[in-house]
Structures are given as C-alpha cells and as structure tokens.
Amino acid sequence: MQISARGDYAVRAGLGLAAAYPALMSAQALAAEQDLPRKFLEAVLGDLRRAGIVRAQRGAEGGYTLARSPREVTVGMILRAVDGPLAGIRGMRPEQTRYDGAAENLPRLWVAVRAAVRDVVDEVNLAELISGRMPAHVRKLTTRPDAWQPR
C-alpha cells in the first residue's frame, strides 16, 4: 500500500488536532508543529472538513478542531477522506475486477489485501495512536522479524 503525501499530512494533522482536542488549532500552528507546507495543509484540512472529520471556526480566535472525539476518528477515515478508497486496481474496487485464465482468482487476492489494510487502519483511532496503545493485533504486526525490513 502506498500512502500519498496528502494521506500522510492528513493523518499527521489529525494527530495534532487530537492532541489539542477539544481546543482549536490554527492551520499555521499545525503546519509549524508538524513541519508541513501550510497551503497544502489547508487544502487537506478542507478535505477533512468536507468529510465531517474536522470543524473550522473563522475569526481571530478561530482554527480547526476534530468534529468528534479522537477515539471516534480512525486512520482509515482520514485516509479515505483525502485519497478515496483504500485499495484500487486500475481505478476499480477489488471486487469489480475480473480476469480470465490463470489470473481468474486474482480478485480474491485484491479483496484480501484490502481487508488486511482495513484490519489496521480502521481499527486504530487517533487517541490510540497518540498514546501508542494500539490494538494488540496491530502491535503484533510490528513485532514480526521482517516487519521493519524494506523489501
């Protein structure tokens, strides 16, 4: 799975807002804290606002905050808000793919890949990620001998 810069920035912004929750945080402060380009961050925050994940308040005392508790916002929600579906194959969802011959079972693999990604990003909320107390099945994945090895 490839996480786009937009997805990475969105999750980092979500974590910054979760840490400050329920207080408001300006885009400028969030950009400085996470070392993100402010204009790009503002576009990402707009996507998150349209998805109902963050609220914006205008004015001198304005800024952004999560629209709900950090425990109710998952990484998967954020990634989908800025990048769309988690797994796509040539612009289609895994269950929409069809192949003939030797590749006829490939859609099952694509669906399994999507399910595996969901098992992580839809099961970890911002509060857990900030605290480092992620679900046991996610923590276990990071302890595999090859988990930190590039391939």
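None of these values were measured; they are calculated from a predicted model.
In the hydrophobic clustering of this structure, Leu15 groups with Ile3; members are Ile, Leu, Val, Met, Phe, Trp, Tyr whose side-chain heavy atoms approach within less than 4.5 Å, directly or through other members. Two different hydrophobic clusters hold Leu126 and Leu24 under the rule that ILVMFWY side chains link at heavy-atom gaps under 4.5 Å. The same ILVMFWY cluster, assembled from side-chain heavy atoms under 4.5 Å apart, contains both Val138 and Leu129. A continuous path of ILVMFWY side-chain contacts below 4.5 Å connects Met134 to Ile78, so both sit in one hydrophobic cluster.
Here Arg114 does not pair with Asp119 in a salt bridge; the nearest charged N to carboxylate O distance is not below 4.0 Å.
Side-chain contact check for Arg80 versus Asp122: some heavy-atom pair is nearer than 4.5 Å. You'll find the side chain of Leu48 stays beyond 4.5 Å of the side chain of Leu66, heavy atoms only. The side-chain heavy atoms of Asn105 and Leu109, taken from C-beta on, include no pair separated by under 4.5 Å. In this structure, the side chains of Val113 and Pro94 stay at 4.5 Å or more apart for every pair of heavy atoms.
Side chain of Trp148 to main chain of Thr142: a donor-acceptor pair is present (N/O by atom type, distance under 3.5 Å, no hydrogens or angles). At least one donor-acceptor pair closer than 3.5 Å links the side chain of Asn125 to the backbone N or O of Glu128. A distance-only check finds no donor-acceptor pair linking the side chain of Arg55 to the backbone of Gly52 [under 3.5 Å]. Judged by distance alone, with hydrogens and angles left aside, the side-chain atoms of Arg12 form a donor-acceptor pair with the main-chain N or O of Gln34 at under 3.5 Å. His137 places no side-chain N or O within 3.5 Å of a backbone atom of Val120 that could act as its donor or acceptor partner.
Annotation for Arg93 and Pro85: closest pair NH2-CG, 3.6 Å, computed over non-hydrogen atoms. Counting all heavy atoms, side chain and backbone alike, Gly7 lies closest to Val82 at CA-CG2, 3.7 Å. Ala103 and Pro107 make their closest contact through O-CD, 3.9 Å (heavy atoms, listed as atom of the first residue, atom of the second, distance). The two atoms that bring Ile130 and Ala19 nearest to each other are CD1-N, 3.5 Å, heavy atoms only. Counting all heavy atoms, side chain and backbone alike, Ala147 lies closest to Leu141 at CB-O, 3.3 Å.
Listed by chain and residue number, nothing satisfies the side-chain hydrogen bond (donor to acceptor under 3.5 Å, both in side chains) test with Gln96 (two or more places apart in sequence, or in another chain). Phe40 meets the ring-ring contact (aromatic ring centres under 6.0 Å, His included) test with Tyr9; sequence neighbours excluded.
Applying the 6.0 Å contact sphere to CG of Asp35 captures no more than 12 heavy atoms from other residues, nucleotides or ligands.
Sorted by first and then second residue, the side chain to side chain donor-acceptor pair (under 3.5 Å) pairs with a member in residues 62-77 form an empty list; sequence neighbours excluded.
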